[in-house]
Structure formats: structure tokens, C-alpha cells
A.B. asks: 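Have a look at the structure that comes next, please.
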Amino acid sequence: MINKENKSLEDFKYLIDSRDLTNKEKAEERDTILKARAARFETRSDNDIKTAKLMQLKFQMEEYLSSPLCSVELSFPKFLMTYIDTLYEKRKDFASDISIKPIVLSHVLNEHREPNDSFLLRLMFHSQDSFKDLIEFDKSLWAMVYYQDKVCGFLDSSEKLGKSEKKHVRGINF
Amino acid sequence: MIVIDLVSGLSKEIEITLVNNLDYKSITKSRFWFDWKQEKDYNVFKLCLKGTDDILGLVSLDIFTKESRIEIRLLAVSKENRGKAKLLDLIAGNLIAFACIESIKKFGEMACVSLVPKTDLIQYYMDEYGMLQAGKSLFIDGNELLQLIKKYDHD
């Protein structure tokens, strides 16, 4: 625990220690915080909730790209669905705003069709506008997530197909 | 995210990553005030200038999933960057904002970060970070949490 006598108040601005509570005090703190938050949540605006969801999406996309782990599940359609459902009540309205047919959007979301370059570019421009006044958002995140999915998919299938393909290759040993 | 070099006035990019077992050798009590080895069971993150491995700040987070809340258990800025003679500014703020980012990443619109401050510093944290008081704790959620992230999440 902090030795209070040895530090000036100024120094404590750079040191936080929340551990010095008994279990009973911790339980009381938890209840007090929950109560205070519940009262605040009732007055939260739809705009604040949308902003929080968009920020969550941005940080989750960044985390996905920085993770060394590959998932078999595609992340692009999942992130895209979150993006659209945060901003629109009906997905066809998003399709209209980026001038594509609703059926094309539905196919992309349900992994029956790959997004083409136009789709990706329009999505990037759309999200640039959506995030503009909220937080810094690198619109190329969409393309990076899409191609990260492709890389992960390729690596997964190469594990399975690797042996049958390797017999067609003659390497050079140095 | 950036810190400000108070000697040159220039901003410097930082990165915040998980502490690994080897890091604990360089995390001394004389530089980071607490015994950080006691925190190994929690999520401990280090703040470094981008591309360097000199640790400038540490934060230990406890995640309460059922409450959609992250508690800052422990936070320390390196000795040379504390107080009025500090060399780099914004280290503590970046670590608190990082806790907010982790919370929003996990809990979205329900995100919340709390800490237990020294009584004399309650007003400081409320003014500096937009925190609110609940019992002995301070917490940040809702619009204030979003604003704090916006303030610190830029290059």
C-alpha cells in the first residue's frame, strides 16, 4: 500500500491504488456504483448509445487486425452487420445509401457473395462520414479486415490441402 | 495516442501492450512505487514510446463482466515522469483512457471504468477526467467516457 507520509499530493496524481478495501466495502462500492450508473443510463441519449457502439466497432476491428490468431469465422460480415444495424433500422436503407441492391447486401452479410471493390470503396466512404465527428477512424480498416479474413481462410485451407499440393513441387536445397 | 515531451514540446507516439513475464525484471519498486509482481493474476499493461521497450507507465485492470465495469486496481507513472519536474506529460491520462477503450471494446454502451482515489484527489480526478463520485469510488461512463477516449485516442 502507499506510504502516505513519503509522497506529496502532486505525486499521487500519477499513482492509483484501489486495492485497499475490505470485501464488505468492495460489495458496498459495487452496489453504490451500479445504482449511480442505472440512474444515469435512463437519461442517456440514443446518439450517445450509437456513438458508443460505433467506437466499440472501431476498437474491435483494430483488435482483430492486431491479433496474431486467425479465426475460421469471417469477421468482415459480422463487423459490417454491426455497423449497419447501429446506424439503420432497416438494412435496405443502407443498401440504398451506397447505391447497391438490397439482395447484394443480404448476400454479402450472409456470406453467399464476396463484396467487390465498388462495395468496399462505398462502404469506406460511408463510414468516413459516420465516424467524422466521433473519433479518428481509418476507413481502410474495412479493406484490411476483409483481406485479413481472406488470408486466414487461405491459411486454414492450405493446412488441409498442403500435403496434396506439395507433391507437385520440387524445391532447391542450398 | 501520444505523450508530450515537456523539454522539446514535441508529441511522441506511444503504444500500450500487455506486460509479459520478462518485463517484471525491469519493473522496480523504486521506479514504479508498487510491487507489481503481486498483480500477475490481473491484466497488467505497460505504456512505452512506439518502437521502444522502456516502460513509462503501468496499469493493472480488474474486469467485472457481469457489471460491465473495469476497475483500475493500480496505476503508476515512472518516477522521472511524476510531479512538477516530469519529463513527459499525459502518461496517466493515456492509461486511464486505455482502460476506457478496453471497457468500451468489451461492453459497448454499458462501458464503465472505476477507481478508488485518495480522498484529497477526488476533485482532481473529477475535474481532469470527468469522473463522478459513488461512495469511496470514482467512476466514468456514458458521454464522459466517450469524451475521454476522444481526447486521448489520436496520433
Side-chain angles (χ1 to χ4, degrees), chain A residues 1-4 6-21 25-64 66 82 86 131 133-138, chain B residues 32-34 38-39 57 59-60 62 64 67-69 71-79 81-84 86 91-92 95-96 101-102 104-112 114-118 120-121 124-125 128 132-139 141-143 145-146 149-150 153-155:
Chain A
M1 298 300 136
I2 293 172
N3 179 348
K4 294 173 184 175
N6 290 346
K7 304 299 295 172
S8 72
L9 203 57
E10 176 65 23
D11 273 349
F12 279 115
K13 290 177 183 171
Y14 308 87
L15 301 166
I16 294 170
D17 187 351
S18 300
R19 302 172 299 178
D20 199 12
L21 292 179
E25 285 174 319
K26 278 181 190 170
E28 285 169 3
E29 288 302 294
R30 183 196 61 212
D31 291 345
T32 310
I33 293 170
L34 280 174
K35 211 172 165 184
R37 289 171 62 199
R40 281 170 54 76
F41 193 75
E42 279 177 20
T43 61
R44 196 164 300 171
S45 70
D46 287 348
N47 209 35
D48 279 353
I49 292 172
K50 271 186 190 174
T51 303
K53 285 182 177 175
L54 286 177
M55 280 197 187
Q56 180 180 32
L57 176 67
K58 166 198 145 103
F59 292 120
Q60 285 180 343
M61 288 170 79
E62 288 176 350
E63 184 172 68
Y64 172 67
S66 64
T82 303
T86 300
F131 280 93
D133 296 327
L134 304 181
I135 195 164
E136 273 185 22
F137 179 82
D138 179 357
Chain B
F32 293 101
W33 193 249
F34 305 108
Q38 289 180 6
E39 295 300 297
V59 67
S60 166
D62 200 357
F64 298 94
E67 299 168 45
S68 308
R69 174 171 66 94
E71 182 184 70
I72 297 177
R73 275 176 57 82
L74 217 55
L75 181 150
V77 173
S78 60
K79 192 178 179 183
N81 292 305
R82 294 199 293 259
K84 287 182 177 153
K86 62 182 178 263
I91 294 174
L95 289 169
I96 293 171
I101 289 172
E102 288 299 295
I104 208 159
K105 214 186 313 181
K106 287 184 193 305
F107 307 125
E109 72 273 27
M110 299 306 293
C112 175
S114 68
L115 59 90
V116 182
K118 263 179 73 69
D120 293 341
L121 287 172
Y124 167 77
Y125 287 113
E128 187 70 22
L132 298 165
Q133 195 172 4
K136 290 180 180 173
S137 301
L138 289 175
F139 73 97
D141 69 355
N143 189 45
L145 183 137
L146 303 178
I149 292 175
K150 278 169 81 169
D153 185 55
H154 60 83
D155 297 334

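Convention: sequence-line order gives letters A, B, ...; per-chain numbering from 1.
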A.B. asks: Kindly compute the distance separating CD1 (A/Ile33) from CD (B/Gln133), expressed to the nearest 0.5 Å.
C.D. replies: 11.0 Å
A.B. asks: Run A/Glu62 and B/Lys105 through side-chain contact (heavy atoms from CB on, under 4.5 Å) and show every step you take.
C.D. replies: CA-CA 10 Å; A/Glu62 288 176 350; B/Lys105 214 186 313 181; over 6 Å; no
A.B. asks: Are the side chains of A/Arg40 and B/Leu132 in touch, meaning some heavy atoms are under 4.5 Å apart?
C.D. replies: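 Yes. Closest side-chain heavy atoms under 4.5 Å.
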A.B. asks: Which atom names give the shortest non-hydrogen contact between A/Ile16 and B/Val116, and what distance separates them?
C.D. replies: CG2-O, 4.3 Å
A.B. asks: Judged by atom type as modelled, is there a donor-acceptor pair below 3.5 Å linking the side chain of A/Lys13 to the main-chain atoms of B/Leu121?
C.D. replies: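 Side chain of A/Lys13 to backbone of B/Leu121, a donor-acceptor pair under 3.5 Å: no, none is there.
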A.B. asks: Kindly indicate, with the supporting measurements, whether the criterion side-chain contact (heavy atoms from CB on, under 4.5 Å) is fulfilled by B/Trp33 and A/Asp17.
C.D. replies: CA-CA 10 Å; B/Trp33 193 249; A/Asp17 187 351; over 6 Å; no
A.B. asks: Examine whether an atom of A/Glu28 lies under 4.5 Å from a heavy atom of chain B, and if so say whether it belongs to the side chain, the backbone or both; otherwise answer neither.
C.D. replies: neither
A.B. asks: Which heavy atom in B/Ile104 sits nearest to a heavy atom in A/Gln56, and how many Å separate them?
C.D. replies: O-CG, 3.2 Å
A.B. asks: What option among B/Ser78, B/Gly108, B/Ser114 has the most heavy-atom pairs under 4.5 Å with chain A?
C.D. replies: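 Counting heavy-atom pairs under 4.5 Å, the top option is B/Gly108.
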A.B. asks: Please identify, among B/Ile101, B/Asp141, B/Asn81, B/Ile91, the residue contributing the most non-hydrogen atom pairs under 4.5 Å to chain A.
C.D. replies: B/Asp141
A.B. asks: Check each atom of A/Lys58 against the heavy atoms of chain B and say whether the ones under 4.5 Å are side chain, backbone, both or neither.
C.D. replies: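 Looking at A/Lys58, just its side chain touches chain B.
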A.B. asks: Do the charged groups of A/Arg19 and B/Glu39 touch, with an N to O distance under 4.0 Å?
C.D. replies: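 Looking at A/Arg19 and B/Glu39, the cut-off is met.
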A.B. asks: Heavy-atom pairs under 4.5 Å with chain A are the metric here; pick the option from B/Leu95, B/Val59, B/Leu74, B/Val77 that has the most.
C.D. replies: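 Maximum pair count with chain A is reached by B/Leu74.
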A.B. asks: Could you tell me whether A/Arg44 and B/Glu109 have a side-chain N and a carboxylate O separated by less than 4.0 Å?
C.D. replies: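 The answer is no: the pair does not qualify as a salt bridge.
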A.B. asks: Return the CD1 to CG distance between A/Ile135 and B/Leu146, rounded to the nearest 0.5 Å.
C.D. replies: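 Between atom CD1 of A/Ile135 and atom CG of B/Leu146 there are 8.5 Å.
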A.B. asks: Measure the shortest side-chain to side-chain distance between A/Phe12 and B/Asp120 over non-hydrogen atoms and say whether it is less than 4.5 angstrom.
C.D. replies: no
A.B. asks: Side-chain donor-acceptor pair under 3.5 Å between B/Ser137 and A/Glu29, yes or no?
C.D. replies: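 Their side chains do contain a donor-acceptor pair, which is all the 3.5 Å distance test asks for.
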A.B. asks: What's the verdict on side-chain contact (heavy atoms from CB on, under 4.5 Å) for A/Leu15 and B/Phe34, showing C-alpha distance, side-chain angles and the deciding distance?
C.D. replies: CA-CA 9 Å; A/Leu15 301 166; B/Phe34 305 108; 4.2 Å; yes
A.B. asks: Okay, side chain of A/Ser18, backbone of B/Ile72: is any donor-acceptor separation there less than 3.5 Å?
C.D. replies: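 The answer is yes, because a donor-acceptor pair under 3.5 Å joins these two groups.
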A.B. asks: Could you look at A/Leu34 and say if it's the side chain, the backbone, both or neither that has a heavy atom under 4.5 Å from chain B?
C.D. replies: side chain
A.B. asks: Mark yes or no: B/Lys86 above the aromatic ring of A/Tyr14, with NZ or CZ under 6.0 Å from the six-membered ring centre and no more than 45 degrees from the axis.
C.D. replies: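 Here B/Lys86 fails the 6.0 Å and 45° test against A/Tyr14.
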A.B. asks: Non-hydrogen atoms of chain B under 4.5 Å away: do they reach the side chain of A/Glu63, the backbone, both or neither?
C.D. replies: side chain
A.B. asks: Using non-hydrogen atoms and a 4.5 Å limit, figure out which bit of A/Leu134 sits close to chain B: side chain, backbone, both or neither.
C.D. replies: backbone
A.B. asks: Is there a side-chain contact between A/Phe41 and B/Met110 (heavy atoms, below 4.5 Å)?
C.D. replies: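 A/Phe41 vs B/Met110: side chains touch.
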A.B. asks: Flag the pair A/Arg37 / B/Arg69 as yes when at least one side-chain heavy-atom distance between them is below 4.5 Å, and no otherwise.
C.D. replies: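 In short, these two side chains touch, coming nearer than 4.5 Å.
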A.B. asks: Taking every non-hydrogen pair under 4.5 Å, which of B/Tyr125, B/Phe32, B/Tyr124 racks up the most with chain A?
C.D. replies: B/Tyr124
A.B. asks: Of the listed residues (B/Ile96, B/Asp62, B/Leu75, B/Leu138), which shares the most heavy-atom pairs with chain A below a 4.5 Å separation?
C.D. replies: B/Leu75
A.B. asks: Do you know which of B/Ser60, B/Pro117, B/Gly83 has the most heavy-atom pairs under 4.5 Å to chain A?
C.D. replies: B/Gly83
